[in-house]
There are 2 protein chains.
Amino acid sequence: MAKIVDNLWSPTTDPAPSDHRTIADRVSQQLVDAIVSGDLPQGSKISEPEVARRLGTSRGPLREAIRRLEGLRLVQRQAHVGARVITLSHRELDEVYSVREALEGMAARLAAQHMSEEEVAELGELLARHELMIEQDHDYVQAAGDYDFHYRIIRGSGNRWLIELLTGELYHLIRMYRLTATRSAPRPERALADHRRIADAIAERDGELAEMLMRRHISAARQRIAQRMPEESP
Amino acid sequence: MAKIVDNLWSPTTDPAPSDHRTIADRVSQQLVDAIVSGDLPQGSKISEPEVARRLGTSRGPLREAIRRLEGLRLVQRQAHVGARVITLSHRELDEVYSVREALEGMAARLAAQHMSEEEVAELGELLARHELMIEQDHDYVQAAGDYDFHYRIIRGSGNRWLIELLTGELYHLIRMYRLTATRSAPRPERALADHRRIADAIAERDGELAEMLMRRHISAARQRIAQRMPEESP
DNA sequence: TGCAGGCCTATTGTTGACAAAATAGCCTTG
DNA sequence: CAAGGCTATTTTGTCAACAATAGGCCTGCA
């Protein structure tokens with residue numbers, strides 16, 4: 001299930017379909033996965049010879065992949081020195097969440113306007129399934145369900161650039177944080193209640209309400225993170 | 001002046017300071033400039049041998065530069081076929097403006113909270129200079145002044161990721177459009193009045209009002225574009 | 001005459017070698 | 001003993017040649 005959701009959430013890094021994958025594309029995806037999974041920790045240097053050897057390729061495609069990640073803002077480069085995985089300070093993580101709040105709020109509003117009746121019905125069914133799964137509070141299932149819910153609303157906005165930003169760099173950054181920080185997910189019942197209200201607002205085509213509820217939902221997550229981050233490390 | 005503003009607005013594509021520029025960095029910037037200036041039109045194919053020759057380098061650095069632009073979403077690639085400059089349909093341009101409206105509105109709200117008194121004063125001085133320049137309605141001066149105003153507010157938000165998104169890919173896309181489409185700038189007096197109201201709201205630390213005014217300001221620009229785009233080309 | 005199949009050329013993908021720059025360690029000197 | 005410079009090594013930047021794929025072209029057959 002996690003795999004499915006990961007694929008759903010990585011459309012911008014997915015290469016062309018079938019076997020039209022080039023080595024640089026594969027390496028690019030592997031690097032994203034490595035960074036997000038914590039295999040390449042924040043701030044770690046990416047040694048071209050070593051990583052190329054570990055990934056079984058030469059430096060050419062690796063360098064192209066690094067340049068792609070640079071465009072996605074997952075790594076920072078310095079000429080003649082090398083590339084390092086970006087480091088997110090707590091303050092910057094908070095800033096990312098602020099941007100996400102604004103954009104996903106917008107997505108919820110647009111989704112209320114543009115989602116088809118069928119998509120709205122599917123959203124309701126998804127929540128019903130989550131409700132059934134809630135007793136077996138498997139952490140990962142909860143997280144996957146959370147992604148799935150947000151992803152559907154983002155897609156429902158119908159705004160291509162909004163979708164690309166939210167499922168692209170912003171999502172990778174948040175995904176990266178999830179591994180390094182302690183779990184700060186809300187109690188599943190609370191998250192589900194939030195989701196239910198948002199879905200109801202969308203079903204009633206009340207964009208303003210949907211936006212407000214979504215912003216609150218994400219803002220709460222941001223505040224939970226801030227609470228659990230008392231120590232400040234510049 | 002145009003040069004100054006362009007530099008101000010391209011922090012993410014600026015390479016390391018001084019002569020620590022690598023060829024791939026230079027080529028990357030040249031490609032962005034070529035796309036934005038219309039030298040490489042929307043949808044045009046980027047032939048690696050030809051472009052490499054024209055830019056006086058080999059294919060290696062060029063390919064890295066293309067991969068960087070791919071991350072910035074300025075080009076789209078297809079394996080074994082090549083890279084093409086992205087084409088913005090009118091609908092997509094409208095979507096970009098919608099995202100910009102949300103993010104710059106957020107920037108105005110944050111700027112009202114975070115800008116120092118000195119920065120607020122400078123913003124006022126900037127507008128005073130624009131007011132003086134308004135009789136000599138040099139189109140380019142107006143456009144540069146517009147950029148300068150928006151740029152200062154974006155920077156004033158203090159949110160690094162907001163700044164990167166707005167001055168990075170979103171800005172390049174809008175810049176790209178400006179060249180291909182007919183000028184749809186508002187009358188300078190109207191733009192200046194809008195700017196003045198926004199600056200006043202920021203000076204009074206009224207974030208909500210600043211956000212609302214900024215959103216309206218950008219929304220008006222979006223509607224002007226939509227009006228002048230009756231023909232639909234998929 | 002139309003279509004199908006295979007060849008052919010041009011372009012992209014990849015590799016390894018070479019050049020240049022930066023860092024680290026060592027030696028010298030005050 | 002510390003500080004500064006020099007050298008050596010490692011790493012990054014660049015290039016040109018080689019391999020592989022795609023799309024067009026030509027021919028042959030129905």
Side-chain angles (χ1 to χ4, degrees), chain A residues 12-32 34-35 40-41 43-87, chain B residues 12-32 34-35 40-41 43-87:
Chain A
T12 52
T13 55
D14 273 346
S18 74
D19 58 348
H20 291 226
R21 311 182 56 163
T22 178
I23 292 184
D25 287 330
R26 175 176 61 80
V27 169
S28 179
Q29 176 117 16
Q30 283 179 310
L31 280 184
V32 170
I35 291 174
L40 282 175
S44 67
K45 181 161 159 37
I46 299 179
S47 164
E48 293 184 5
E50 183 196 335
V51 174
R53 185 180 50 74
R54 261 176 47 191
L55 296 185
T57 182
S58 66
R59 285 177 49 219
L62 173 62
R63 285 176 63 86
E64 290 186 24
I66 290 176
R67 276 268 166 27
R68 196 171 183 311
L69 296 211
E70 186 189 6
L72 288 174
R73 297 175 168 76
L74 279 177
V75 302
Q76 288 176 326
R77 306 186 65 253
Q78 200 176 346
H80 301 289
V81 174
R84 310 190 84 92
V85 179
I86 196 176
T87 60
Chain B
T12 52
T13 55
D14 273 347
S18 72
D19 57 348
H20 290 226
R21 309 183 57 162
T22 178
I23 291 183
D25 287 330
R26 175 177 61 81
V27 169
S28 178
Q29 175 116 17
Q30 283 179 310
L31 280 184
V32 170
I35 291 173
L40 283 175
S44 67
K45 179 159 160 40
I46 299 179
S47 165
E48 293 184 5
E50 184 196 334
V51 174
R53 185 180 49 74
R54 260 176 46 193
L55 297 184
T57 181
S58 67
R59 285 176 51 219
L62 172 63
R63 284 177 62 87
E64 291 186 22
I66 289 175
R67 276 271 168 25
R68 195 172 184 313
L69 295 211
E70 186 189 6
L72 288 174
R73 297 176 167 75
L74 279 176
V75 303
Q76 288 176 328
R77 306 186 64 251
Q78 200 176 346
H80 298 110
V81 173
R84 308 192 85 92
V85 179
I86 197 177
T87 60

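Note on naming: letters A, B, ... go to the chains in the order of the sequence lines (proteins, then strands), and numbering restarts at 1 for each one.
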Please give, in whole Å, the distance from D:dT11 C1' to A:Arg84 CZ? 13 Å
How would you summarise protein contacts on nucleotides 12-19 of chain D per nucleotide, using B for base, S for sugar-phosphate only and - for none, with heavy-atom distances below 4.0 Å? BBBB----
Could you check whether any side-chain heavy atom of A:Val75 comes within less than 4.5 Å of a side-chain heavy atom of A:Ile35, counting everything from C-beta outward? yes
Restricting to side-chain contact (heavy atoms from CB on, under 4.5 Å), what partner residues turn up for B:Arg59, sequence neighbours left out? B:Glu48, B:Ala52, B:Arg63
Under the rule for side-chain contact (heavy atoms from CB on, under 4.5 Å), what residues qualify as partners of A:Arg84, not counting sequence neighbours? A:Lys45
Which residues pass the side-chain contact (heavy atoms from CB on, under 4.5 Å) test with B:Ser44, not counting sequence neighbours? B:Leu40, B:Pro41, B:Val85
Candidate list B:Pro61, B:Ser58, B:Ser28, test side chain to side chain contact (heavy atoms under 4.5 Å, CB included), partner B:Ile23, passing option: B:Pro61
Holding to side-chain contact (heavy atoms from CB on, under 4.5 Å), I want the full list of residues that pass it with A:Ser47, two or more places apart in sequence or in another chain. A:Pro49, A:Glu50
Please report the closest heavy-atom contact between B:Ala65 and B:Val27, naming both atoms and the distance. CB-CG1, 3.7 Å
Wobble G-U and Watson-Crick pairs count when both distances are under 3.5 Å; given that, what is the 5' to 3' dot-bracket string of DNA chain C, with | for pairing to other strands? ||||||||||||||||||||||||||||||
Should the pair B:Arg67-B:Glu70 be classified as a salt bridge under the 4.0 Å nitrogen-to-oxygen rule? yes
